[in-house]
Amino acid sequence: MSIAPAAPRASLPSTPTDYASLIGGNRVGAAGHVSIERRNPAHGVVVSRYPQATARDVAAAVEAARKAADSRVWSGMPGAERARIIARVAQLIDRDRAGLGLIESLEVGKPIGLIDREIGGSVALWEYAATLARHTYGDSYDQLGAQTMALVLRQPVGVVGMITPWNYPLLIVSQKLPFALAVGCCAVVKPSELTSGTALRLADILIEAGVPPGVVNIVAGYGNDTGRAITEHPALDMISFTGSTRVGREIGRLGGEALKKVSLELGGKSAHIVCADADLDAAAEKVVLGFTRNAGQACVSGSRLLVERSVATRFTEAVIAHAKALKVGDPLDPQTQMGPLVSEAQRDRVTGYITAGSDAGAKGWSREAGPEAALPGHFVQPTVFTEVAPSMSIAQEEIFGPVLCVMPFDSVAEAVGIANGTIYGLAAGIWTRDLDKAFLFGRSLKAGTIEVNTFLAGAPELPLTGHGQSGVGHEKGRYAIEEFTELKTIQLQFGSAPL
Ligand code: NDP
């Protein structure tokens with residue numbers, strides 16, 4: 001895992017930063033609002049305060065977006081102009097990347113030395129989405145008969161409610177918002193109340209880049225009131241949600257009742273499959289990255305290791321050696337590779353799973369705590385379970401922490417059976433030098449993203465899509481155009497005037 005060599009040590013702010021919502025082009029600050037206080041998950045210090053959206057704020061945000069959509073101020077703008085504004089947002093995120101990175105380090109607990117690459121990922125998404133604003137087009141039909149012609153237009157779906165989780169705050173907003181904007185949609189965005197800072201800071205950037213008032217509205221609040229109010233609002237045309245399968249199911253139900261378009265990016269239990277012929281050193285390093293990046297709080301986390309039995313013991317030892325060497329600690333130290341979990345509730349959930357694994361008979365190894373034990377934060381050490389049965393809860397359910405379950409296999413068919421044996425289907429990693437095997441796995445695995453001899457690589461061009469209960473619909477890539485548009489057919493009947 002490489003660390004930006006020149007990253008300086010960051011320090012805790014002496015006072016929290018106050019943020020404001022963005023509603024109809026206006027910043028709505030703390031006055032008249034309850035503040036949501038965010039404590040840094042490593043030090044327990046309040047670092048951010050967001051104004052909790054009231055019912056009136058949500059109504060105003062939806063009304064502003066609706067008005068902007070109906071006026072066609074954004075969708076009626078030439079694609080080239082929209083592209084310029086979206087590309088400008090990318091430049092401004094790039095300009096402000098150090099500040100945005102610090103916000104996410106303070107609010108999520110992400111290591112400061114690793115965050116720059118992630119903010120760079122957001123820049124790349126906005127850059128790529130800008131190109132799609134000039135490539136949103138439909139079809140034409142000229143073979144329907146001598147006097148008939150038809151056009152199939154792709155029109156923006158309208159106003160999209162976007163609800164995002166706490167684990168990759170700016171990145172996940174950037175997987176949705178620029179793509180929706182590219183095709184001409186307007187939006188109401190609700191980030192997680194735990195980590196709203198970068199989404200609210202993005203509001204300043206959108207204004208500076210020239211996004212017209214009302215096109216994007218960003219409000220902070222809790223899921224079960226603000227999130228729910230957005231989901232149920234009749235004036236929204238679509239909900240684009242990223243989060244847990246549990247909440248996704250509820251949002252799908254509400255969207256179905258209201259006959260709204262719904263796109264869901266949900267949880268995962270991704271398998272890393274390592275064959276005996278693989279480059280085992282490279283694989284061991286990526287397997288550790290796969291389950292400890294962001295302290296394991298990633299939807300695509302490689303939380304199950306399926307390893308060919310002939311190398312299972314040796315490979316597991318190599319994984320443990322890498323995990324032992326990880327620098328777990330203060331996220332503000334540029335040398336840190338893994339920080340704390342995002343909250344006390346998340347820590348309790350993960351440690352609950354670790355206890356359940358041991359109780360079920362799996363054999364656990366955990367890294368010994370270092371100086372980070374002196375911090376008050378929600379640290380959980382990287383943990384590797386062997387002697388895991390595929391039916392155990394630790395092998396079936398999304399833990400969302402730095403916990404790896406190792407299961408040996410003897411054949412491709414057995415590995416595929418174990419890998420496909422959960423409700424999820426988000427991602428998988430395959431390590432082999434045998435192309436036949438790689439394709440066989442690639443074809444058979446139930447997963448929307450499969451990486452061979454790499455892990456967590458990704459690119460804005462490539463879609464993110466969940467199979468099984470990992471999601472409905474897809475994000476990123478040119479396929480995002482389909483998500484945020486709907487078709488309209490215009491059929492023309494000509495008169496019989498001679499040519
Ligand atoms: P949650 O599902 O708990 O929350 C996601 C968002 O939904 C938050 O903004 C939350 O607000 C809001 N919310 C909660 N309840 C409701 C409701 N009833 N109606 C509307 N909105 C609601 O997920 P987490 O934030 O805990 O994130 C972790 C989950 O996200 C994991 O399962 C992970 O796999 C998944 N995820 C999936 C990704 C993918 O691309 N497939 C990417 C990243 C994460 P609040 O925070 O206030 O509760």
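Every number for a ligand or one of its atoms is a count from 1 in the order of the listing. Source: prediction; values computed, not measured.
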If you measure only the distance, is there a donor-acceptor pair under 3.5 Å linking the side chains of Q396 and T422? no

Pair R228 + E250, salt bridge at N-O below 4.0 Å: yes

Please state whether the rings of H474 and Y479 are parallel, tilted or perpendicular, taking 30° and 60° as the class boundaries. perpendicular

Would you mind running through ligand 1 and noting each atom that sits below 4.0 Å from a heavy atom of T231? 20 (C)

Under the criterion salt bridge (Lys or Arg N to Asp or Glu O under 4.0 Å), which of R38, R201, R49 is the partner of D18? R49

Measure the distance from atom 31 (C) of ligand 1 to every protein heavy atom, then report the residue, atom name and distance (to 0.1 Å) of the closest one. E398 OE1, 3.4 Å

Does V247 approach ligand 1 within less than 4.0 angstrom via side chain, backbone, both or neither, non-hydrogen atoms only? side chain

Whether H272 and F455 hold their rings parallel, tilted or perpendicular, with breakpoints at 30° and 60°: tilted

Under 3.5 Å, is there a donor-acceptor pair linking the side chains of K176 and S240? yes

Side chain, backbone, both or neither: which part of Q175 has a heavy atom under 4.0 Å from ligand 1? neither

Would you say S470 has any N or O atom under 3.5 Å from an N or O of ligand 1, going by distance alone? no

For ligand 1, is L194 a contact, meaning one of its heavy atoms is under 4.0 Å away? no

Check G197 against Y19 and note the closest heavy-atom contact, atom names and distance. O-CE2, 3.5 Å

Polar contact flag, side-chain donor to acceptor under 3.5 angstrom, S174-W126: yes

Is the contact between T164 and ligand 1 made by the side chain, the backbone, both, or neither, using heavy atoms and a 4.0 Å cut-off? backbone

Nearest heavy atom to atom 30 (O) of ligand 1: which of G243, S343, P191 does it belong to? G243

Under a 3.5 Å threshold, yes or no: a donor from one side chain and an acceptor from the other, between D330 and H43? yes

Tell me: protein heavy atom nearest atom 19 (N) of ligand 1, and distance? G223 O, 3.5 Å

Can you sort out which atoms of ligand 1 are near I172, meaning under 4.0 Å from one of its heavy atoms? 42 (C), 43 (C)

Quick one: look at Y168 and ligand 1, take heavy-atom pairs under 4.0 Å, and tell me if it's side chain, backbone, both or neither. neither

Under 4.0 Å from any heavy atom of Y222, which atoms of ligand 1 are there? 47 (O)

For atom 23 (O) of ligand 1, grab the closest protein heavy atom and report residue, atom and distance to one decimal in Å. S244 N, 3.4 Å

Is the closest basic N to carboxylate O distance between E397 and K269 below 4.0 Å? no

With a 4.0 Å cut-off, would you call D237 and K261 a salt bridge? no

Quick look: I230 vs ligand 1, heavy-atom contacts under 4.0 Å, and the answer is neither

Please determine if R367 and E372 form a salt bridge, counting it only when a charged side-chain N lies under 4.0 Å from a carboxylate O. yes

What protein heavy atom sits nearest atom 28 (C) of ligand 1, and how far off is it? F400 CE2, 3.5 Å

Closest protein heavy atom to atom 24 (P) of ligand 1, given as residue, atom name and distance to 0.1 Å: W166 NE1, 3.4 Å

Who's the nearest protein heavy-atom neighbour of atom 42 (C) of ligand 1, and how far? C299 SG, 2.8 Å

Near L266 (heavy-atom distance under 4.0 Å), the atoms of ligand 1 are 34 (O), 37 (C), 38 (C), 39 (C), 41 (N)

For I163, the atoms of ligand 1 under 4.0 Å from one of its heavy atoms are 6 (C), 7 (O), 9 (O), 12 (C), 20 (C), 21 (N)

Heavy-atom nearest neighbour in the protein, as seen from atom 27 (O) of ligand 1, with distance rounded to 0.1 Å: P165 CB, 3.3 Å

Among protein heavy atoms, which sits nearest to atom 11 (O) of ligand 1, and what does the distance come to when rounded to 0.1 Å? K190 NZ, 3.1 Å

From CA spacing to verdict: ring pair (Phe, Tyr, Trp, His ring centres under 6.0 Å), Y222, W166: CA-CA 12 Å; Y222 294 91; W166 44 259; over 10 Å; no

So if I apply the side-chain hydrogen bond (donor to acceptor under 3.5 Å, both in side chains) rule between K110 and each of N167, N294, T336, which one comes out positive? N294

Taking only heavy atoms of S192, which atoms of ligand 1 are found under 4.0 Å from at least one of them? 9 (O), 46 (O)

Compute whether any side-chain donor of one residue and acceptor of the other, for S366 and Q381, lie under 3.5 angstrom apart. no

Sub-4.0 Å atoms of ligand 1 with respect to non-hydrogen atoms of N167: 43 (C), 44 (C)

One finds that the ligand 1 atoms under 4.0 Å from a non-hydrogen atom of R228 are 19 (N), 20 (C)

Any N or O of E250 that comes nearer than 3.5 Å to an N or O of ligand 1? no

